[in-house]
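In what follows, a structure is listed as structure tokens, so that the remarks can point back to it.
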Amino acid sequence: MNQPSLFSHRAWSGIAACCLVLAALPVLNLAFADGHPLHVPSYMVSLVGKFMCYALAALALDMVWGYAGILSLGHGVFFALGAYAHGMYLMRAIGREGVYQSDLPDFMVFLDWKTYPWYWTATDSFWYCLALVVLVPGVLAFVFGFFAFRSRIKGVYFSIITQAMTYAFMLLFFRNNTGFGGNNGFTDFKRILGYSISAPATKATLYLVTLAMLAGSLLLCRWIVKSKLGRVLQAVRDSESRLMFIGYNPLWFKLFVWTLSAVLCGIAGALYVPQVGIINPSEMSPANSIEMVIWAAVGGRGTLLGPIIGAFSVNGLKSWFTGAFPNLWLFALGLIFILVTRYLPQGIAGLAARLRKEQP
Amino acid sequence: ADTIKVGILHSLSGTMAISETSLKDVALMTIDEINAKGGVMGKKLEAVVVDPASNWPLFAEKARGLIAQDKVSVVFGCWTSVSRKSVLPVFKELNSLLFYPVQYEGEELEKNVFYTGAAPNQQAIPAVEYLMSKEGGGAKRFVLLGTDYVYPRTTNKILRAYLKSKGVKDSDIDEVYTPFGHSDYQTIVANIKKFSAGGKTAVISTINGDSNVPFYKELGNAGLKATDVPVVAFSVGEEELRGVDTKPLLGHLAAWNYFESVKNPVNTEFIKKWKAYAVAKKLPNANTVVTNDPMEATYVGIHMWAQAVEKAKSTDTDKVIAAMAGQTFKAPSGFTLTMDPTNHHLHKPVFIGEIRPDGQFSVVWKTPGPVRANPWSPYIPGNEGKQKL
Amino acid sequence: MLQVEKINQYYGSSHTLRGVSLELERGKCIALLGRNGVGKTTLLKCLMGVLPVSAGAVRLEGRDITRMAPHQRARAGIAYVPQGREIFARLTVEENLLMGLATHSGRKASTIKGEVYELFPVLKDMLHRRGGDLSGGQQQQLAIARALLAEPKLIILDEPTEGIQPSIIKDIGNVIRLLRQRGDMAILLCEQYFDFAHELADQFIVLSRGEVVASGAQAAMNDPEVKRHLAV
Amino acid sequence: MKKLLLLACLLLSCAAHAAIDSALLAPLAGGDPDARVEAIVKIGALANDDATRLLAALKNDALYATPDGRIFIVTDDKAYNPATGETGPLPEGLDGVMVNNRLRGAVDDALSALKLFSPDRAQRLAAATELQKSVTLAQAPLIEKALAKEQDPDIRTMLQLVAGTANLQSPDAAKRKAAVEALADSSNANLRPLLQAMQSDKEPDQAVRVAAAHTLQALDSRLARTEFIGNVFYGVSLASVLLLTALGLAITFGLMGIINMAHGELLMIGAYTTYLCQLAFRNYFPSAVDCYLIAALPAAFLVTAAVGIALERTVIRWLYGRPLETLLATWGISLILMQAVRTIFGAQNVEVANPSWMSGGVTVLGSLVLAYNRIVIIVFALLVVAGVWLILNKTRLGLFVRAVMQNRRMAGCVGVSTAKIDMMTFGLGSGIAGLGGVALSQLGNVGPDLGQSYIVDSFMVVVLGGVGQLAGTIIAALGLGEANKFLEPVAGAVLAKIAILVFIIMFIQKRPQGLFAMKGRSAE
Amino acid sequence: MSANEHLNISSGRVAGEGLDTTHGAILYLEEITVSFDGFRALNKLSLDISVGELRCIIGPNGAGKTTMMDVITGKTRPTSGTAFFGQTMDLSRMTEYQIAHAGIGRKFQRPTIFEQHTVFENLELAMKTDKRVRPTLFARLSSEQHGKIDEILKLIRLSGSERRLAGLLSHGQKQWLEIGMLLMQEPQLILLDEPVAGMSDAETARTAELLNELRGKHSIMVVEHDMAFVTEIAQQGVVTVLHEGSVLAQGTMAQVQSDERVIEVYLGR
Ligand SMILES: Nc1ncnc2c1ncn2[C@@H]1O[C@H](COP(=O)(O)OP(=O)(O)OP(=O)(O)O)[C@@H](O)[C@H]1O
Ligand SMILES: Nc1ncnc2c1ncn2[C@@H]1O[C@H](COP(=O)(O)OP(=O)(O)OP(=O)(O)O)[C@@H](O)[C@H]1O
Ligand SMILES: NC(N)=O
Ligand SMILES: [Mg+2]
Ligand SMILES: [Mg+2]
């Protein structure tokens with residue numbers, strides 16, 4: 001309405017172009033043989049697929065951090081729970097092809113478990129697990145958020161308890177007896193919905209689903225941010241108490257984005273597992289959640305596109321540096337973080353906005 | 001191509017860098033050594049080093065990159081079991097080769113992996129046997145102390161089954177786990193002390209990584225001496241002891257398939273080369289570098305692979321796998337190690353060493369010769385007859 | 001004492017101060033008048049160094065202070081009572097007062113002169129309360145007391161009577177009069193309360209949209225021309 | 001059996017001769033473990049200075065053998081031949097005599113039995129204490145003999161307990177009863193199984209059983225008390241570590257609002273400075289090496305403060321008022337610092353040894369060992385806290401720091417050089433982190449990742465206490481330390497840690513601003 | 001544009017749904033005490049406001065005026081005493097947003113607006129609508145609502161500035177914006193804490209004019225230190241003087257101004 005439009009026309013065309021290019025990658029990978037100039041190596045495709053999952057997580061984080069001012073240092077837990085929920089299905093789909101040739105996953109055979117524990121009930125259903133992907137992070141976030149927001153926990157206090165939460169979950173999942181494979185987590189998946197997980201076509205499909213989810217989430221988030229609710233969220237960020245005096249109950253607004261964000265993050269995790277092939281508790285380590293925040297910050301928080309750009313650039317650089325300068329890459333990455341904060345206070349997206357202003 | 005590319009996949013940053021960095025260096029040294037002798041099939045080896053940064057999904061990504069992008073013929077790498085598990089599907093999918101140089105919990109056999117570290121029966125079981133022997137102190141009670149993850153949990157499960165088979169009661173076994181990076185061992189050491197009041201006790205430590213130093217410092221300061229309660233560790237070697245004041249640890253034990261202190265010409269040569277390499281490459285603390293078991297396993301693995309390639313006259317994965325069967329190598333441990341034709345594990349000797357004040361180990365027990373690996377522990381029901389690929 | 005020469009200031013692209021000049025002598029009080037949003041506060045902030053000026057010069061006792069940081073200007077003898085009080089909310093009243101002594105050293109830096117308590121007795125009762133817990137008017141009093149403790153050569157007051165009860169406004173008026181009579185201090189008073197300013201000032205200037213549109217001696221303040229610039 | 005032999009020999013205690021029969025020595029160099037143990041027992045039975053010297057040498061790895069089986073005690077580059085009593089140059093082909101735990105145990109037993117009759121009080125006391133652990137019925141006559149000779153009251157008490165322990169297995173019921181009663185004041189946990197056994201049918205005598213039950217009860221309650229006190233101590237000790245690691249952060253984060261992810265790396269730099277000080281002392285003042293810690297304290301403070309100031313001047317000062325951005329920049333700094341240390345010192349841990357005055361511990365209440373390094377660190381933490389408190393509350397600097405952090409612009413307007421205060425405050429916080437690093441180096445690893453393991457805990461402590469509240473930080477550290485140590489024995493380390501984290505989450509619900517919340521209008 | 005037209009827009013309801021004002025009073029404070037660590041900011045304060053009344057409250061700095069408003073709006077919980085909105089709503093049991101929802105609007109002593117939002121958005125957020133999550137998400141401004149915002153913009157003379165960030169306004173402009181937000185809320189009871197502080201004399205007069213227009217349509221409570229302004233708006237109504245947390249005097253402006261005690265503690269001689 002009276003808002004400057006969130007994305008300019010140029011940004012819209014940019015987004016569309018990016019989507020096209022991204023969508024073309026797996027197609028080129030399948031269509032052209034290795035060696036052909038237009039061939040995209042499958043390594044590249046799986047890398048970009050992984051980055052898109054990270055980008056979705058960063059986008060989710062930006063909704064709470066950038067717009068509602070809630071800094072979560074524990075989003076890794078939602079990501080991982082989504083991943084574990086999907087992982088349960090993938091584990092069941094291994095069937096008897098595990099090393100112990102049992103109906104149970106190898107790690108359960110190993111623990112001498114004879115049946116699935118109750119929380120594995122029905123996880124052989126793909127759709128049930130998809131529901132879990134949404135429900136588990138969603139319900140956890142809702143309950144956690146409800147109590148935290150109701151107690152009016154804010155700022156670093158909130159950040160730290162989210163960190164405590166993810167840390168606690170990490171330790172819990174590290175225990176073998178928790179029933180999620182302990183430190184090794186889930187890996188060695190064989191198939192999804194009957195299709196071999198390592199088949200190029202399956203991979204391309206997963207990739208495209210991820211792309212669609214990312215683009216869809218971007219649109220959804222944009223719609224929310226541009227609605228009046230988006231403005232209420234920003235008011236929560238800036239002056240929550242003032243908002244109460246004009247009649248809004250911040251609790252439900254916060255809870256809404258917080259839960260939405262957790263669900264998006266869970267979906268990101270669910271898409272991540274089959275593409276990366278492993279989920280284990282280290283995804284819930286506090287450092288991982290902080291890294292998500294870093295992606296959003298580097299890209300520019302409160303901009304929707306920024307976190308996506310941030311996730312791609314930080315992870316892209318990390319992938320490239322760790323191969324190209326295995327001994328020096330931390331210097332380079334660290335320096336980039338410092339320079340971004342120093343010279344690009346609004347992140348990469350802010351730089352883009354500045355350039356646009358300077359040469360209209 | 002006029003070179004053969006080999007991948008090196010060890011964390012150079014993050015929590016595992018502490019252990020894995022030196023494996024990368026040993027691998028590079030070994031490759032230099034092979035190249036100096038003319039390479040393999042007349043081609044030089046070219047190492048591609050990447051840093052998976054102690055991040056398991058990154059291990060998988062890097063493995064894929066090495067195989068698919070850099071087209072390496074073989075990868076030497078991984079330390080933790082979870083990093084191995086995370087790259088396994090990649091190696092299977094792309095049908096490539098991984099050489100894994102670290103002792104591990106077993107319960108695994110993969111066509112695409114060669115395990116040059118110890119399986120439980122090549123390390124844990126003999127160590128416990130020793131502790132129960134008269135010479136080892138005749139321990140009757142056991143504290144199984146480990147970091148909370150799969151290697152310690154699995155090892156302890158096997159050990160518990162083994163101890164039971166030897167008539168040790170459950171009440172004489174205490175199993176204790178600490179989180180990764182745990183640094184406060186006051187309570188645990190006090191509890192060990194309490195437990196040991198009930199009879200001759202030994203501690204079997206599968207503590208990994210950073211927690212070892214605080215554990216040993218606490219042990220030393222609490223006055224628990226090796227003559228009272230010996231601790232045998234499976235993840236503590238010369239490299240880890242570099243960070244500890246070992247004087248109070250005199251007599252505590254470790255079980256490995258190699259110690260730097262074993263005396264034989266191959267080892268002398270190996271140590272000399274390594275020290276010279278460290279100085280030449282200006283590695284940090286080059287004048288105090290030590291060798292250890294995973295380093296030896298790396299060294300052996302690379303040489304065996306080179307031999308197999310020569311034999312196969314190809315770097316093709318399946319041909320190399322075939323040629324690996326029965327490969328032998330005169331290892332720094334002083335024995336000639338053989339690659340088992342059926343289970344991809346090495347036949348290795350087992351040594352038990354006591355910590356000396358200088359941070360080295362004096363060998364107090366060893367097997368007469370190399371032992372075949374049982375990756376599937378026979379003490380776990382259902383594992384019978386699984387020892388072959 | 002204070003010379004301001006043609007200073008200009010921009011907030012981004014909006015030109016807030018346009019060539020404002022003024023001159024103030026020791027022992028004199030100048031009133032700065034103008035409607036809401038014309039740039040009074042901005043001008044005072046520029047004098048204190050909180051905002052940079054893009055052109056022009058500020059001189060204190062002949063010394064060019066245009067590029068000095070606020071703390072250097074404070075040490076050079078300027079004290080500032082900002083609009084909105086800017087109390088150190090989590091310091092006690094006493095500590096807030098001690099902050100007023102930040103430019104002093106030695107014993108002087110730790111002794112709060114009794115005068116301020118005579119002027120603002122309420123502060124004495126509340127020495128150990130946190131600044132932020134005070135009522136609005138109490139905070140305003142605290143802010144003035146803090147500035148006076150610095151014993152400045154130039155005191156800048158941005159709407160000092162805002163939110164203060166009538167009797168204390170009278171007291172503050174008396175203090176300003178006293179300071180003026182003492183003759184060792186120059187006073188720059190930005191005020192919406194016309195009668196108050198009229199009573200105390202020797203001179204005045206009127207700002208409108210960042211420009212000086214009228215100025216003169218106290219007597220000229222009641223001119224309809226001046227009033228016109230203040231009316232809506 | 002072994003002990004019986006030893007005793008027999010001891011009691012016969014023949015006159016000392018100058019040298020040891022080489023036939024006795026020969027098995028030591030041989031490969032038969034049983035023969036070696038037997039040899040040690042026999043040598044111990046000689047009970048003369050030469051035997052003591054030989055056994056001590058064996059224990060300290062100073063015993064060597066030639067390939068033909070002759071034994072030498074090597075000190076510096078002289079070889080003493082115990083068989084001949086001659087000292088000469090080192091013979092060809094000397095090789096250390098292998099000692100393992102079993103042998104070491106035998107040597108210890110032999111030595112402590114010898115030492116019971118030593119003229120040195122400390123040695124006798126140590127021997128008596130040692131015997132308490134392992135005494136058997138067979139040794140009872142020896143103990144009685146020592147008891148008869150002993151004058152020192154402390155050692156007598158100890159020996160009485162030892163005698164009691166030995167006599168528990170006496171076939172004579174009266175003796176057993178006396179022994180059980182004598183042990184009523186013991187706090188030796190090793191007695192429990194014996195006493196417990198005496199409760200069962202294995203003990204034929206009813207009176208002894210009753211007495212044993214009494215003693216066992218007394219012992220148990222004493223042990224329980226000891227355990228409780230032990231837990232309190234462990235908790236305080238953990239708290240002191242948490243406090244030292246969190247204190248610097250309480251300043252850089254709590255007061256300045258910088259989400260300082262590089263805090264852990266400042267701890268690490270402090271620890272590495274300690275390492276360098278130790279190296280320097282080892283190389284240049286080997287005689288004073290035990291004092292390296294004293295030098296390390298100011299050094300670590302200055303080095304980390306300097307690093308902190310450099311960071312503040314180059315990076316952080318651009319970020320005031322943008323607290324969330326500090327997270328990103330300091331994360332970058334932390335990566336760089338970690339990798340820098342890895343490049344310079346290697347990825348492996350470096351060794352930092354406790355100075356000898358901090359090694360070991362003091363035994364209290366019979367069985368509770370309070371490690372010296374822990375005690376020192378508790379005291380050190382108290383001193384640092386006191387210092388920080390004084391600086392922040394009793395100096396003008398402290399006032400300015402708080403003022404600048406609350407209202408930077410106004411602080412400038414009243415004449416405070418905010419840039420200088422920022423620099424000094426960050427330097428102070430960093431320097432204190434450096435001191436924390438010194439303490440950590442005495443407990444655990446010194447490696448490039450050192451900081452990473454403490455950063456999460458540090459933030460929890462600071463936040464739980466209430467950001468900007470020094471007193472809160474202290475109480476939070478203490479609370480977490482104690483809670484952890486009382487939970488750990490019940491739940492195990494992993495569940496205890498999870499429980500603590502859940503507790504933190506719950507606690508913040510009750511106190512959304514931390515333990516010491518700011519109340520009133522000023523809190524908004 | 002005069003304030004008159006504004007009144008047409010605001011529904012002009014005096015009492016809304018659920019508010020029972022059968023006894024004629026909209027607000028009752030009874031024996032309210034608020035203490036902060038032993039200091040009594042309010043001391044057994046009793047006060048009531050009738051429907052449609054414009055009540056001026058004066059009193060020395062620190063008398064407890066702002067604290068009283070804090071109690072009414074739920075920001076501070078009374079240590080003892082009761083506060084009722086209408087006959088039935090116990091304010092001490094309601095949260096801030098429930099109170100706002102029930103129809104009490106407040107302007108703070110220091111202007112508090114959403115600095116990162118534009119002037120327009122500030123008004124939009126304050127507007128009386130369903131303020132729950134779902135309606136907010138799907139809210140679209142009707143042309144009527146749009147018109148209303150425009151009216152208010154004109155009234156507070158920020159018409160040209162509706163797209164400016166509110167944080168960039170001058171002090172006086174922020175005061176006006178906050179008054180505008182209050183009007184958007186259409187509350188039944190308006191609390192104004194020093195509405196003309198920092199306004200020029202002319203602006204003050206305008207504000208007085210506005211309040212005189214609102215009189216009778218809303219119940220209003222005004223706290224001010226500007227005596228000219230208070231005289232202007234109090235007219236013949238009751239002025240209450242607070243001192244040390246309780247009522248010191250009450251009466252018409254003329255009565256109060258001549259009260260010795262009021263002169264002593266507040267007006268000065
Ligand atoms: N940080 C800022 N960025 C952009 N514009 C600003 C900023 N601060 C103030 N302004 C604008 O500059 C103009 C002058 O503001 P200033 O605060 O100096 O006014 P003033 O004369 O003090 O008004 P008042 O009497 O209301 O205090 C106003 O129009 C205001 O909107
Ligand atoms: N949280 C608090 N802690 C301690 N004292 C407080 C707190 N809040 C208010 N006070 C004290 O309560 C008294 C009443 O404050 P209040 O703000 O209500 O005064 P007021 O009547 O609004 O004054 P003014 O006209 O100056 O705005 C003051 O003396 C103030 O210092
Ligand atoms: N395999 C191990 N040591 O994790
Ligand atoms: Mg102003
Ligand atoms: Mg007030």
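Fair warning: this is a prediction, and the values are worked out from it, not measured in the lab. Quick note on labels: first sequence line is chain A, next is B, and so on, each numbered from 1.
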- prompt: With respect to chain A, which residue among B:A60, B:S86, B:A17 yields the maximal number of heavy-atom pairs within a distance under 4.5 Å?
  reply: B:S86
- prompt: For A:K50 and B:P57, which heavy atoms make the closest approach, and how far apart are they?
  reply: NZ-O, 4.0 Å
- prompt: Under a 4.5 Å heavy-atom cut-off, does chain B meet the side chain of A:Y272, its backbone, both or neither?
  reply: side chain
Proximal component of B:K157, with respect to chain A [non-hydrogen, under 4.5 Å]: side chain
- request: Flag the pair A:K203 and B:E93 as a salt bridge only when some basic side-chain nitrogen lies within less than 4.0 angstrom of an acidic carboxylate oxygen.
  value: yes
field: Close side-chain approach of A:I278 to B:V82, heavy-atom, < 4.5 Å
entry: yes
message: Any non-hydrogen side-chain atom of A:K318 less than 4.5 Å from a side-chain atom of B:L58?
response: yes
message: Checking B:E105 now: which residues fulfil salt bridge (Lys or Arg N to Asp or Glu O under 4.0 Å) with it, not counting sequence neighbours?
response: B:R84
- prompt: Do any of residues 31-47 of chain A come closer than 4.5 Å to chain B, heavy atom to heavy atom, and if so which ones, in number order?
  reply: A:D34, A:P41, A:Y43, A:S46, A:L47
- request: State the CD-CG distance between B:E108 and A:D106, to the nearest 0.5 angstrom.
  value: 10.0 Å
Separation of B:E61 CD from A:N315 CG (nearest 0.5 Å): 8.0 Å
- request: Output the option from A:F321, A:F325, A:F174 having the highest count of non-hydrogen pairs under 4.5 Å with chain B.
  value: A:F174
message: Please classify the contact of A:S319 with chain B as side chain, backbone, both or neither, using a heavy-atom distance under 4.5 Å.
response: both
query: When only heavy atoms count and the cut-off is under 4.5 Å, which of residues 69-81 of chain B reach chain A?
result: B:Q69, B:K71, B:S81
Interface moiety of B:L12 toward chain A, non-hydrogen atoms closer than 4.5 Å: side chain
A:L171 side, atom CG; B:D148 side, atom CG - distance, nearest 0.5 Å: 8.5 Å
task: Could you have a look at B:T154, B:L66, B:L88 and say which one has the most heavy-atom pairs with chain A under 4.5 angstrom?
output: B:T154
message: Can you list the residues of residues 175-195 of chain A that sit under 4.5 Å from chain B, counting heavy atoms only?
response: A:R175, A:N176, A:N177, A:N183, A:N184, A:T187, A:D188, A:K190
